Every structure is written in C-alpha cells, then in structure tokens.
Amino acid sequence: MAKFALLQFKINNTFEEWETTFYNAQNPARKMGINSISHGHQPDDPKKVFVLMMIEESDTWSKFYNENQGLIESSGHILDSTKVTYYEN
C-alpha cells in the first residue's frame, strides 16, 4: 500500500528562494524514504505552499523533520504554519 503526506505551509521568502533549498534537500530526503511527487503555491498567494510526497512509513516525514529542522527552516518554511495530512492508496 502506498503512503503519502501532503504538507501545506507558509514561507517567509520568495517561492523561488524556497524552491532552491527544497531541490537541494532532495537527496537527504530520498535517503530517508521520501520521494516528492509535486509542489507548488496558491495562484493568488505564492507564500502558501504545498508539497505532496510518497513516504515509506507513516512516521517517515516526522523523522526527517526532526533530524533536519535547521535545513527546513533555512528554506524560508515557517515551521509552526505546517499542516500535514496523510493518505494511503
């Protein structure tokens, strides 16, 4: 069964600045079992961002988050704005 996490959050810089760090974090994320499927922002508010990812286990995202908070925050991601919803297929 495939597992997914949908993250919705705000950023404190431009989407392009956030996206650069997001791309740089792909290798560490993949090593922990996270594969990004898509990401983007709301058309009328580029500071409201989403990331859809496939994860190996239900706790994969929280483990990555706990081990990489500094990297995530340096991207402009406002940590306390994060909403995570999990799905299965």
Side-chain angles (χ1 to χ4, degrees):
M1 180 178 309
K3 297 179 187 307
F4 303 90
L6 175 64
L7 278 65
Q8 296 170 290
F9 55 91
K10 295 179 183 177
I11 57 174
N12 60 17
N13 55 3
T14 69
F15 180 78
E16 292 75 18
E17 290 169 326
W18 170 83
E19 191 174 46
T20 297
T21 305
F22 173 78
Y23 283 134
N24 290 336
Q26 292 306 294
N27 283 337
R30 285 187 190 116
K31 288 178 183 175
M32 291 189 73
I34 296 173
N35 291 296
S36 295
I37 296 171
S38 186
H39 66 279
H41 60 79
Q42 289 186 357
D44 60 342
D45 189 350
K47 293 192 177 286
K48 290 184 179 178
V49 176
F50 83 92
V51 177
L52 178 61
M53 59 186 78
M54 184 179 286
I55 54 177
E56 287 184 0
E57 300 296 332
S58 298
D59 63 349
T60 301
W61 163 249
S62 60
K63 287 179 183 177
F64 180 80
Y65 176 85
N66 290 333
E67 293 180 21
N68 295 280
Q69 281 187 14
L71 173 64
I72 295 166
E73 192 169 29
S74 74
S75 72
H77 183 143
I78 301 171
L79 299 180
D80 65 357
S81 72
T82 306
K83 177 184 175 190
V84 183
T85 308
Y86 295 97
Y87 298 93
E88 294 180 348
N89 178 9

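For reference, positions follow the sequence shown, starting with 1. If you're wondering where the values come from, they're calculated on a predicted model, not measured in any experiment. What you see below is based on every heavy atom in this structure, not just the backbone, and it leaves out hydrogens, waters and symmetry mates.
Closest approach of Ser81 to Lys10, counting heavy atoms only: OG-N, 2.9 Å. The nearest pair of heavy atoms linking Phe15 to Pro46 is CB-O, 3.9 Å. Between Pro28 and Ala25, the closest heavy-atom pair is CD-O, 3.2 Å. Considering every non-hydrogen atom in both Ala5 and Ile55, the closest pair reads CB-CD1, 4.1 Å. The heavy-atom pair separating His39 from Tyr23 by the smallest distance is CE1-OH, 3.3 Å. Taking both residues in full, the closest heavy atoms of Asn35 and Arg30 are given as OD1-CG, 3.6 Å, listed atom of the first, atom of the second, then distance.
Legend: residues meeting side chain to side chain contact (heavy atoms under 4.5 Å, CB included) with Glu17, ordered by chain and number and at least two apart, are Asn13, Thr14. The side chain to side chain contact (heavy atoms under 4.5 Å, CB included) search around Ser58 returns Lys3, not counting sequence neighbours.
Screening Thr85, Val84, Val49 for a side-chain contact (heavy atoms from CB on, under 4.5 Å) with Leu7, the sole residue that qualifies is Val84.
Counting non-hydrogen atoms of neighbouring residues, nucleotides and ligands closer than 6.0 angstrom, the NZ atom of Lys47 exceeds 12 such neighbours. Heavy-atom contacts from other residues, nucleotides or ligands closer than 6.0 Å to CG of Asn66 number more than 12.
Side-chain contact between Met32 and Glu67 is present, with at least one heavy-atom pair separated by less than 4.5 Å. At a threshold of 4.5 Å between non-hydrogen side-chain atoms, the residues Ile11 and Ile78 do not count as touching. Using a 4.5 Å cut-off on side-chain heavy atoms (C-beta onward), Lys48 and Asp45 make contact.
Taking CD1 of Ile72 as the reference point, atom CD of Gln69 lies at 7.0 Å (rounded to 0.5 Å). Ile34 contributes atom CD1, which lies 13.0 Å from atom OH of Tyr65 (distance to the nearest 0.5 angstrom). Note that CD of Glu73 and CG of Asn12 are 8.5 Å apart. Values are rounded to the nearest 0.5 Å. To the nearest 0.5 Å, atoms CG (Asn68) and OG (Ser75) are separated by 11.0 Å.
Judged purely by atom type and a 3.5 angstrom limit, Thr82 has no side-chain atom pairing as donor or acceptor with the backbone of Phe9.
With side-chain heavy atoms closer than 4.5 Å counting as contact, directly or through intermediates, the hydrophobic cluster containing Leu6 also holds Phe4, Ile37, Phe50, Leu52, Met54, Tyr87.
A tilted orientation is assigned to the rings of Trp61 and Phe64, their planes being inclined by 30° to 60°.
Following chains of ILVMFWY side-chain contacts shorter than 4.5 Å, one cannot reach Trp18 starting from Leu71, and the two form parts of different hydrophobic clusters.
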